[in-house]
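Read the structure below first, then the notes.
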There are 2 protein chains.
Amino acid sequence: MVTISDIAKSLGVTPSTVSRALAGSPRVKESTRKAISETAVLMGYERNEPASSLRKGHSNVVGIVVPRINRAFFSSAISGAETVLNEHGYSVIICQTHEKMEDEIKALKTLKSNRVAGVLISHASSSLSGDHIMKNIRPETILVQFDRVFSELPGPKIVNDNFHGAYEGTHHLIEQGYKRIGHIAGFMDTEAYLDRLNGYKQALTDMGIDVDENIIFYDSIVEESGYKAGKTAIERGCDALYCAGDFSALGAYLAAKDCGIRIPEDFGVIGTANEFFTTIMSPAISSIAQHPYEIGRRAAQAFLTSLKPESNVGQIVVSMEVMARESSLRKKEKR
Amino acid sequence: MVTISDIAKSLGVTPSTVSRALAGSPRVKESTRKAISETAVLMGYERNEPASSLRKGHSNVVGIVVPRINRAFFSSAISGAETVLNEHGYSVIICQTHEKMEDEIKALKTLKSNRVAGVLISHASSSLSGDHIMKNIRPETILVQFDRVFSELPGPKIVNDNFHGAYEGTHHLIEQGYKRIGHIAGFMDTEAYLDRLNGYKQALTDMGIDVDENIIFYDSIVEESGYKAGKTAIERGCDALYCAGDFSALGAYLAAKDCGIRIPEDFGVIGTANEFFTTIMSPAISSIAQHPYEIGRRAAQAFLTSLKPESNVGQIVVSMEVMARESSLRKKEKR
DNA sequence: AGCGAAGATACAAACGTTTGTATTTAAAAA
DNA sequence: TTTTTAAATACAAACGTTTGTATCTTCGCT
């Protein structure tokens, strides 16, 4: 393995000059910088990252912590973040928490041991407060939260505009003439779900519809819970459901089908997240799309700007978009 | 940050003893080992991984390189590998190649710079040989290939039993009475697809059916290609398709639907990989399932055993399983 | 020519761990 | 008690980089 000293020797300079040259420091003359970087590639030099990290006190690695990598939202967000981080010389270490706070702590400890430069995190649903996050992050490490955030924690936060997304989605159902619209809401310890609930309520209120707690279902947003909630919603006279997740929407959708209820004629469904499967069902499932790739990009950018001393990124809100598909369209398009 | 020397000082021993104690070396007395590890947790010691990696020449990190993390197969394989690696004190750094050899080289270079202990890789479809892999891996680094492998490269290989999976899938279609069975095959530079093609051909031959190259489609296995191939297959009189991927199966399935052809009565479809969406379509799409979680586990285990000097893991074949669903079942179940 | 100020490079220490070798201590044998 | 052996720990160097400080050039200016 060729080191910085090998290059130094072969050119008759010192390792420090080589180091500075490769880092692009203004302290080394342009001509020598060029000579050094040329022989570096010639000799096949590759930086020893552990050595660099040890000396600098932190690595060129950014940790990304998410509940699961096989959700459309998270894998896209990761891709977005990865792309901009790679462009800036950082590599990425991805950790799954499987929605468990215990695994989240383990992941953060690992990242801490590896002296990562930053952590981009969307916390597990079982994490009820951000205490364990702050405890397992070094003060120099830059923390960026995205999607699911604890607003009491410091640092940049990239979030969906859940309130308005939910509002628009609910409004869309009302516009399509649905009268009794229920909501599969998720658990209220996650801010994102609370915002969606509030958007839903606001949309109803604005259109003069009373909020009925009997048709709001607080449960995990997986297919099975959606199915159950769907059945109950139908029993309670709902003719539409706005779901905080696509898998719960799928459950409700299948429940309606199993009851022999026609979608969208007799029952409207709209989910959230724009998972791939929603587009290929027949009828296709409407969904409130996020922009996960963009959110990942923004999170990475927030990390990069936070690297600079005086920066202060704060909260960034990314819009959501109603993808109206067959499952909620019973009026002819007017355009 | 508390270091090994801090612990040493507080106990009146030397750093080397602490290091050995924490590593569980037999060279330190049991009683001192206990005392050391106790004060270590008491003082909140956390190993500085970069320092450790620098000294040892390699890190406690394993790189996993896959085409995309949002494919059911890969995200499950990653989960499997992650689980067993974490149990053994390794963390995981995940790289996506987006099927591009260029990105694959970048990923390998990054892993090399980080002195990873091992690389688990499923190569990009545009990687035509393993040369660039060998070139960008240090000789001490353990290379494990899984799913898509280059058999000319050394080291453990964990593969699906693609031949028999394809054989069984094709056989299943024949058994269901389909007479003219086409194949969407993928590109032949990936061994997995070649094996599937051969399994398909063998099944036909064994049942006395001639192989017809006109109904074998060599194209990328995405939805769009599947749709096109599906149309052509129908024109050429096929009454069933075995597809090397689920997305191409989906394309063909939609093509048949668009042509007003009934599935499974007039046209049978079976895909490969058991993606989530195949289970929720109506009719549900049959698929030849792999065991990705198991493959990930095996790959990680192969890495761990390769750590031992005299080990020689070789090739491991993991079976596949036909998940017969509505899209290929037109006879009543006989059991 | 002499002086001062940048400009360019050299020097040297440090980051925290691991590990081969040397030394001390304890136990066993004589 | 002395000698031999083994067990336990101490010593010290090394891994490759980065970075503050020191030294040496080079140039422009008077």
Side-chain angles (χ1 to χ4, degrees), chain A residues 1-37 39-40 43-61 89 91 112-117 138 140-141 307, chain B residues 1-37 39-40 43-61 89 110 112-117 138 140-141 307:
Chain A
M1 282 273 93
V2 30
T3 75
I4 233 176
S5 313
D6 297 334
I7 301 176
K9 255 175 234 160
S10 100
L11 282 176
V13 297
T14 59
S16 56
T17 304
V18 176
S19 174
R20 279 191 245 263
L22 294 176
S25 157
R27 276 179 60 174
V28 27
K29 217 198 316 185
E30 178 54 24
S31 61
T32 61
R33 199 199 56 68
K34 214 179 144 197
I36 287 173
S37 49
T39 50
M43 297 176 71
Y45 170 74
E46 275 162 13
R47 171 166 55 200
N48 184 322
E49 290 291 344
S52 169
S53 305
L54 169 59
R55 175 57 231 241
K56 291 198 299 185
H58 63 86
S59 67
N60 292 322
V61 175
S91 42
K112 196 177 172 189
S113 272
N114 281 286
R115 298 289 186 274
V116 293
R138 301 186 319 141
E140 315 90 280
T141 303
L307 245 29
Chain B
M1 283 274 93
V2 30
T3 73
I4 235 178
S5 314
D6 297 335
I7 302 176
K9 255 175 231 161
S10 99
L11 282 175
V13 296
T14 60
S16 55
T17 304
V18 177
S19 174
R20 279 192 244 263
L22 294 175
S25 156
R27 276 179 60 173
V28 28
K29 217 197 317 182
E30 177 56 22
S31 61
T32 61
R33 200 201 54 69
K34 212 178 146 198
I36 287 174
S37 49
T39 50
M43 297 175 72
Y45 170 74
E46 277 162 11
R47 171 167 53 198
N48 185 322
E49 290 291 346
S52 169
S53 305
L54 170 59
R55 176 57 233 241
K56 291 197 298 185
H58 63 86
S59 67
N60 291 321
V61 175
T110 302
K112 196 178 173 192
S113 270
N114 282 286
R115 298 288 187 272
V116 292
R138 300 186 319 141
E140 316 90 282
T141 304
L307 244 30

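Predicted model, so just to flag it, every value in this text is computed and none were measured. Quick note on labels: first sequence line is chain A, next is B, and so on, each numbered from 1.
Base engagement by B:Thr14 is indicated by at least one non-hydrogen atom pair under 4.0 Å involving a base atom. As judged by a 4.0 angstrom heavy-atom cut-off over every strand, B:Ser53 is placed among residues making no nucleic acid contact.
Judged as a salt bridge (charged side-chain N to carboxylate O under 4.0 Å, His left out), and not counting sequence neighbours, B:Arg20 has no contacts. Shown here are the salt bridge (charged side-chain N to carboxylate O under 4.0 Å, His left out) partners of B:Arg55, two or more places apart in sequence or in another chain: there are none. Judged as a side chain to side chain donor-acceptor pair (under 3.5 Å), and not counting sequence neighbours, the contacts of B:Thr17 are B:Thr14. Contacts of A:Lys29 classified as side chain to side chain contact (heavy atoms under 4.5 Å, CB included), with partners at least two apart in sequence or in another chain: A:Ser31, A:Thr32. By the side chain to side chain contact (heavy atoms under 4.5 Å, CB included) test, A:Ser113 pairs with B:Glu46, B:Glu49, sequence neighbours left out. In this structure, the side chain to side chain donor-acceptor pair (under 3.5 Å) partners of A:Lys56, at least two apart in sequence or on a different chain, are A:Asn60. Looking at residues two or more places apart in sequence or on another chain, you find a side chain to side chain contact (heavy atoms under 4.5 Å, CB included) between B:Met1 and A:Lys112, A:Arg115, A:Arg138.
Using a 4.0 Å cut-off, some side-chain N or O of B:Thr32 falls inside it from OP1 or OP2 of D:dT9.
Distance CG (B:Asp6) to P (C:dG16): 9 Å, rounded to an integer number of Å. In this structure, the NE2 atom of A:His58 is 16 Å from the C1' atom of C:dG16, given to the nearest Å. Rounding to whole angstrom units, NZ of residue B:Lys29 and C1' of D:dT9 are separated by 10 Å. Between B:Asn60 atom CG and C:dT17 atom P there is a gap of 13 Å when expressed in whole angstrom units. Nucleotide C:dA10 holds its P atom 14 Å from the NZ atom of A:Lys9, rounded to whole Å. The nearest whole Å value for the distance from the CG atom in A:Asn114 to the P atom in C:dT17 is 13 Å. Rounded to whole angstrom, the span from the CG atom of A:Leu11 across to the C1' atom of C:dA10 amounts to 15 Å. Spacing between atom CD of A:Glu46 and atom C1' of D:dT17 amounts to 16 Å, rounded to whole angstrom units.
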Q. If the sugar-phosphate is the primed atoms plus P, OP1 and OP2 and the base is the rest, what is the B/S/- string for nucleotides 18-26 of chain C, using protein heavy atoms under 4.0 Å?
A. BBBB-----
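The side-chain heavy atoms of A:Tyr45 and A:Leu22, taken from C-beta on, include a pair separated by under 4.5 Å.
To the nearest 0.5 Å, atom OG1 of residue B:Thr3 and atom CG of residue B:Asn48 are 9.5 Å apart.
Taking the C1' atoms of five terminal pairs at each end of the helix from C:dA1-D:dT30 to C:dA30-D:dT1, the two resulting helix axes are inclined by 40°, rounded to 10°.
For the pair B:Val13 and B:Arg115, nearest-nucleotide mapping onto DNA chain D gives the more 5' position to B:Val13.
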